[in-house]
Every structure is written in structure tokens, then in C-alpha cells.
Number of protein chains: 2
Amino acid sequence: MIKWERGEPVWESDRAVWKQIADELRGRIEAGTYPPRKAIPSLTALVQEFGVARNTIRKVISRLSEEGLLRTEMGVGTFVVPRDDR
Amino acid sequence: MIKWERGEPVWESDRAVWKQIADELRGRIEAGTYPPRKAIPSLTALVQEFGVARNTIRKVISRLSEEGLLRTEMGVGTFVVPRDDR
DNA sequence: ACGAATTTGTGCGTATGTATG
DNA sequence: CCATACATACGCACAAATTCG
């Protein structure tokens, strides 16, 4: 879980930022904060929330997609794959 | 298979460059041009050969690694995974 | 023990293309 | 036409790990 200070995430120095964000989003998916079949926030929104570059968020989405947790529809959004569909 | 003209690769316009390079390297692995357990050329070497950006080659390596064809050791190189180990 | 060279890893910025609404 | 959103591709800088002299 990411620690926050003054509205800014505090990154652990010994793990890649993208991995920390991936864990965070994975947690939100498991917790239902991002519900099944619903779109997660847009790339831009996640970039703003975590204060990182586009490519970093794209790497996270890419990884979670490989894990089967997310499915992207070009030009539409990125959606949480229901557990039954994985 | 990538077409070459005057020492420069000719990219098909309807497919992503990184996919064309991925197919090329996959072919070299299957053909034994890049033999099992041996290191493929370095990122820098591939960047020079294909005349593309580092990130583009990294995406190719990343994909082929996901497919189980390659295995990377940081600071050492990227190696062809023998068929028996896949 | 040290440092340089090599190689892969991470992160950022930017631009352009494609698809949808 | 415009806004939004994802896809591809370029460049740059620095970090981390390994190898070798």
C-alpha cells in the first residue's frame, strides 16, 4: 500500500515505482474499489493521481493486463475483468 | 521477414514496427541463427541494426520474454531459452 | 580494492497515429 | 470538428548489475 504525505505518494526506494503502483491497483481491484466490468480511471487521471509519467502508468496497465486483471479497448477505456472471466 | 533496401529496413506500413522486429527475432530463434542458451545481440546492437529507438527494441525483448523465448539477466545479457525449458 | 566499460532497468518528455463519442 | 483515450515511436538521463583489466 502506497504511503501518502501532503497529497504526494512516497515511493519506496528499493522497488520500482511502476511495481508499487501495480500493487496498489491490484489491491483496488481485489477490494472492489475498481469493480468488475467497470472502467478504471483514464491514463491521464492515473498519471495525475500518482504524479508519474504516462509510460509508467502504461507499464502498470500492461502488466495487469498480462495478469488478466484488466482488458483494454482501444479508444474506449481499460476495464476490470470479472474473476469468472479470468 | 523484413525487407531491406540500401542497408535500411523497409517497414510495412500496416503493422507496428516493434511487431515486425519481434517476428524477425522469433524467426532467428526458431532458425537457430540465435542458438539456444546463447545471448542475442545487445540492446545497443539491435538498435543499430534496425535503426529504431531503444524503447522499441525493449518492447520486442519484453514481448518475446513473455512468450518464453528469451530470458534476461540484468547487467549480463538476454539469452535464448532452449525449447525444452519452455 | 578500484574503476571503466558493457548491458539491462527505470523514468521522464514529446510527438504522432488511431479509435470512439 | 473537437475532446477523450489508448497505441506507437522517438529521444534523453540516470540507476543497477555484471564483467574485466
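Each chain gets a letter, A, B and so on, in the order its sequence line appears, and its residues count up from 1. Below, each value reflects all heavy atoms present in this structure, side chains not excepted, and no hydrogens, waters or symmetry copies.
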Note, B:Arg15 side chain near B:Asp23 side chain (heavy atom, < 4.5 Å)
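B:Arg15 reaches B:Asp23 side chain to side chain.
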Is there a path of hydrophobic side-chain contacts, each under 4.5 Å between heavy atoms of I, L, V, M, F, W or Y residues, that connects A:Ile40 with A:Val81?
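Result: no, two separate clusters.
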Joint hydrophobic cluster, A:Met1 plus A:Val60, side-chain heavy atoms closer than 4.5 Å:
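No, A:Met1 and A:Val60 fall in different hydrophobic clusters.
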[X] side-chain proximity, nearest of [options]:
X	options	result
B:Leu43	C:dT10, C:dT8, D:dC6	C:dT8
A:Ala53	C:dG13, D:dA9, C:dG9	C:dG13
B:Met74	D:dT8, D:dA16, C:dT10	D:dA16
B:Asn55	D:dA9, D:dC10, C:dG9	D:dC10
B:Thr56	D:dA16, D:dA9, D:dT18	D:dA9

Between [atom2] on [N] and [atom1] on [X], what's the gap in Å once rounded to a whole number?
X	N	atom1	atom2	answer
B:Lys59	C:dT8	NZ	C1'	18 Å
B:Ile61	C:dT10	CD1	P	14 Å
B:Arg58	D:dC10	CZ	P	15 Å
A:Lys19	D:dA15	NZ	C1'	14 Å
A:Trp11	C:dC12	CH2	C1'	14 Å
B:Ile57	C:dG9	CD1	P	14 Å
A:Ile21	C:dG11	CD1	C1'	11 Å
A:Leu46	D:dA5	CG	P	11 Å

Residues B:Arg83, B:Glu30: salt bridge by 4.0 Å N-O rule:
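Yes, this pair counts.
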Set out, in order, the CA-CA distance, both residues' side-chain angles and the distance that settles side-chain contact (heavy atoms from CB on, under 4.5 Å) for B:Ile61 and B:Leu46, then state yes or no.
CA-CA 10 Å; B:Ile61 303 297; B:Leu46 292 172; 4.2 Å; yes
D:dA5 phosphate, OP1 or OP2, under 4.0 Å from A:Ser42 side-chain N/O
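For A:Ser42, the contact criterion (side-chain N or O under 4.0 Å from OP1 or OP2 of D:dA5) is met.
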By the 4.0 Å heavy-atom rule, please label A:Thr78 as base, sugar-phosphate, or nothing.
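A:Thr78: backbone/sugar contact only, no base atoms under 4.0 Å.
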